[in-house]
**Student:** 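Pasting a structure below so you can have a look.
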Amino acid sequence: MSRPLPLALVQAPTRTFDEYAAEVRQLGQDRPHVRLVVHPELHLCERMEDAEPLDGPRDRALAQLAGDLGLWLAPGSVYERGDDGEIYNTAVVYSPEGRRVASYRKIFPWRPYEKTKPGDRFVVFDMAGYGRIGLSICYDAWFPESTRHLAWMGAELVLNFVQTPTVDRTQELVLARANAIVNQVFVASLNAAAPHGVGRSLLVDPEGNVRAEAAGAEATVLTDVVDLAAVETVRQYGTAGLNRPWAQWSPDEKPLELPLYSGVLDPARWVPEDRSL
């Protein structure tokens, strides 16, 4: 059964909360069918000194905004001051009911430049009536284990919040398509606009086709309607009608040792079928 999700990927520079709120309200008026609005990494929090506890004033304001507008809001990531006193780069998501439904701490800060403490768990959340979404922040995309875990946890769309001002955006575009292909999921790689990023945001389908993209660093909004049921279709019939990587193993096959992880790849646990997370 089709599960269409109208979304907007807002490629923009860093904003104040008031600027962000005004932008989201206007977007809701201009594009009333959009249900999920996504912004880039650190969109509302440019300096580590602005870090707040996860449930601080910014969190309450974002939750109220989502509830007032009746929208799913993924306002990128913010600097979070944890209970341990450490600073994290944390992505947050709010529901149309005005609740924070997910938070994810960036597992792979860009060393040695980023000084935040790494997170320690992968995060997905459910959008009732649409599907399951996974959260990823910028450099996470360079580590295949990250998107693979999100896909294994049932994510059908991975939101990768980005703030890249450097020349390696070219490689990130390749990684977005590669992560979509090898995991058979939608991937949204949303970069900041100038002067905080070089833009070139894109949305990729489970077969690696680019559905929408920004040509440059200018502020822009990419809109699309993605049918998350396409993930099931691609996995059933194969990418290009051929490749079915999630069907590679039979549960009764011998586990494969993975020396890199001091562990194993167990065929009995390979298929991403647990939707109860």
Side-chain angles (χ1 to χ4, degrees), residues 3-46 50-81 88-106 119 123-137 150 155-163 186 188-193 201 203 219-226 228 277:
R3 289 182 280 122
L5 170 61
L7 54 76
L9 307 177
V10 183
Q11 178 175 291
T14 300
R15 304 288 199 201
T16 66
F17 178 83
D18 289 343
E19 290 170 335
Y20 166 79
E23 184 174 62
V24 173
R25 289 192 181 97
Q26 188 63 52
L27 191 152
Q29 294 176 16
D30 294 343
R31 298 170 172 84
H33 298 298
V34 165
R35 303 310 306 144
L36 171 63
V37 181
V38 188
H39 281 75
E41 179 184 18
L42 298 175
H43 183 64
L44 295 173
C45 196
E46 189 174 358
D50 296 328
E52 294 182 7
L54 190 58
D55 59 354
R58 180 174 52 223
D59 177 73
R60 293 191 291 273
L62 286 166
Q64 181 175 336
L65 180 64
D68 289 347
L69 298 178
L71 289 171
W72 290 88
L73 298 182
S77 66
V78 296
Y79 284 124
E80 173 203 352
R81 185 175 299 278
Y88 298 88
N89 184 347
T90 303
V92 287
V93 180
Y94 300 87
S95 74
E97 291 73 39
R99 295 184 296 107
R100 175 171 30 86
V101 295
S103 62
Y104 162 70
R105 292 170 168 174
K106 187 175 186 177
V123 173
V124 298
F125 70 94
D126 291 318
M127 289 184 64
Y130 296 104
R132 183 164 289 187
I133 314 299
L135 302 179
S136 168
I137 302 176
L150 296 174
E156 297 159 309
L157 165 64
V158 173
L159 301 178
N160 182 230
F161 310 98
V162 180
Q163 190 185 85
F186 288 95
S189 177
L190 176 57
N191 194 14
S201 301
L203 175 65
T220 189
V221 179
L222 302 178
T223 56
D224 201 351
V225 181
V226 296
L228 297 185
L277 293 168

**Student:** Taking all non-hydrogen atoms of both residues, which atom of Ala219 and which atom of Pro13 are closest, and how far apart?
**Tutor:**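 Scanning both residues, the minimum pair turns out to be CB-CD, 4.4 Å.
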**Student:** Could you pull out all residues at least two apart from Ala22 that satisfy side chain to side chain contact (heavy atoms under 4.5 Å, CB included)?
**Tutor:** none
**Student:** Find out whether Pro57 and Glu52 are in side-chain contact, i.e. whether some heavy atom of one side chain is under 4.5 Å from a heavy atom of the other.
**Tutor:** yes
**Student:** State, to 0.1 Å, how close Leu190 and Val38 come at their nearest heavy-atom pair, and which atoms those are.
**Tutor:**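 Closest pair (atom of Leu190, atom of Val38, distance): CD2-O, 3.2 Å.
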**Student:** Would you mind reporting whether Tyr130 and Arg35 have side-chain heavy atoms less than 4.5 Å apart?
**Tutor:** yes
**Student:** Asp59 and Arg100: side-chain contact (heavy atoms from CB on, under 4.5 Å), yes or no, with the steps?
**Tutor:** CA-CA 8 Å; Asp59 177 73; Arg100 175 171 30 86; 2.7 Å; yes
**Student:** Could you go step by step and tell me if Arg25 and Leu69 meet the side-chain contact (heavy atoms from CB on, under 4.5 Å) rule?
**Tutor:** CA-CA 7 Å; Arg25 289 192 181 97; Leu69 298 178; 3.8 Å; yes
**Student:** Using 0.5 Å steps for rounding, measure from the CG atom of Leu54 to the CZ atom of Arg105.
**Tutor:**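 One finds 7.5 Å between CG of Leu54 and CZ of Arg105.
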**Student:** Of all heavy-atom pairs between Val158 and Leu150, which one has the smallest distance, and what is that distance?
**Tutor:**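 Taking every non-hydrogen atom into account, CG1-CD1, 4.0 Å.
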**Student:** What heavy-atom pair brings Ala66 and Tyr94 nearest, and what distance separates the two atoms?
**Tutor:** CB-CB, 3.7 Å
**Student:** Taking C-beta and beyond as the side chain, do His39 and Tyr20 meet within less than 4.5 Å on heavy atoms?
**Tutor:**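 Of all side-chain heavy-atom pairs linking Tyr20 with His39, at least one is under 4.5 Å.
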**Student:** A side-chain contact here means heavy atoms from C-beta on lying under 4.5 Å apart; do Leu135 and Phe161 qualify?
**Tutor:**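 The answer is yes; the side chains approach within 4.5 Å.
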**Student:** So Leu9 and Ser201, do their side chains get closer than 4.5 Å, heavy atoms only?
**Tutor:**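 No, too far: nothing below the 4.5 Å cut-off.
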**Student:** Begin with the C-alpha distance, continue with both residues' side-chain angles, and end with the deciding distance and a verdict on side-chain hydrogen bond (donor to acceptor under 3.5 Å, both in side chains) for Gln163 and His43.
**Tutor:** CA-CA 8 Å; Gln163 190 185 85; His43 183 64; over 6 Å; no
**Student:** State, with a plain yes or no, whether a side-chain heavy atom of Val123 is found less than 4.5 Å away from one of Ser103.
**Tutor:** no
**Student:** When you look at CD of Gln64, are more than 12 heavy atoms from neighbouring residues, nucleotides or ligands closer to it than 6.0 Å?
**Tutor:** no
**Student:** If you measure from CG on Leu5 to CD1 on Ile133, what distance do you get to the nearest 0.5 Å?
**Tutor:**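 So the CG of Leu5 and the CD1 of Ile133 are separated by 6.0 Å.
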**Student:** Look up atom OH in Tyr79 and atom CG in Leu42, then write down how far apart they are to the nearest 0.5 Å.
**Tutor:** 4.5 Å
**Student:** For the residue pair Ala188 and Leu157, what are the closest heavy atoms and their distance?
**Tutor:**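 For Ala188 versus Leu157, the nearest heavy atoms are N-CD1, 4.2 Å.
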**Student:** Would you call Phe125 and Trp72 a side-chain contact if the rule is heavy atoms closer than 4.5 Å?
**Tutor:** yes
**Student:** Measuring only between side-chain heavy atoms, which start at C-beta, is Val93 closer than 4.5 Å to Leu73?
**Tutor:**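 The answer is no, as the side chains (C-beta and beyond) never meet within the 4.5 Å cut-off.
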**Student:** Find the distance between OG1 (Thr90) and CD (Glu80) and round it off to the nearest 0.5 Å.
**Tutor:** 4.0 Å
**Student:** Ignoring hydrogens and geometry beyond distance, is a side-chain donor-acceptor pair present between Glu41 and Asn89 at under 3.5 Å?
**Tutor:** yes
**Student:** Going through the checks in order, is the side-chain contact (heavy atoms from CB on, under 4.5 Å) test met by Val34 and Leu27?
**Tutor:** CA-CA 9 Å; Val34 165; Leu27 191 152; 4.3 Å; yes
**Student:** Identify the heavy atoms of Gly131 and Leu228 that sit nearest to each other, and give their distance.
**Tutor:** CA-CD1, 3.9 Å
**Student:** About how many Å separate CE of Met127 and CD of Glu156, when rounded to the nearest 0.5 Å?
**Tutor:**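 Going from the CD atom of Glu156 to the CE atom of Met127 covers 11.0 Å.
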**Student:** Rounded to the nearest 0.5 Å, what separates atom CZ in Phe186 from atom CG in Leu7?
**Tutor:**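 That separation rounds to 9.0 Å.
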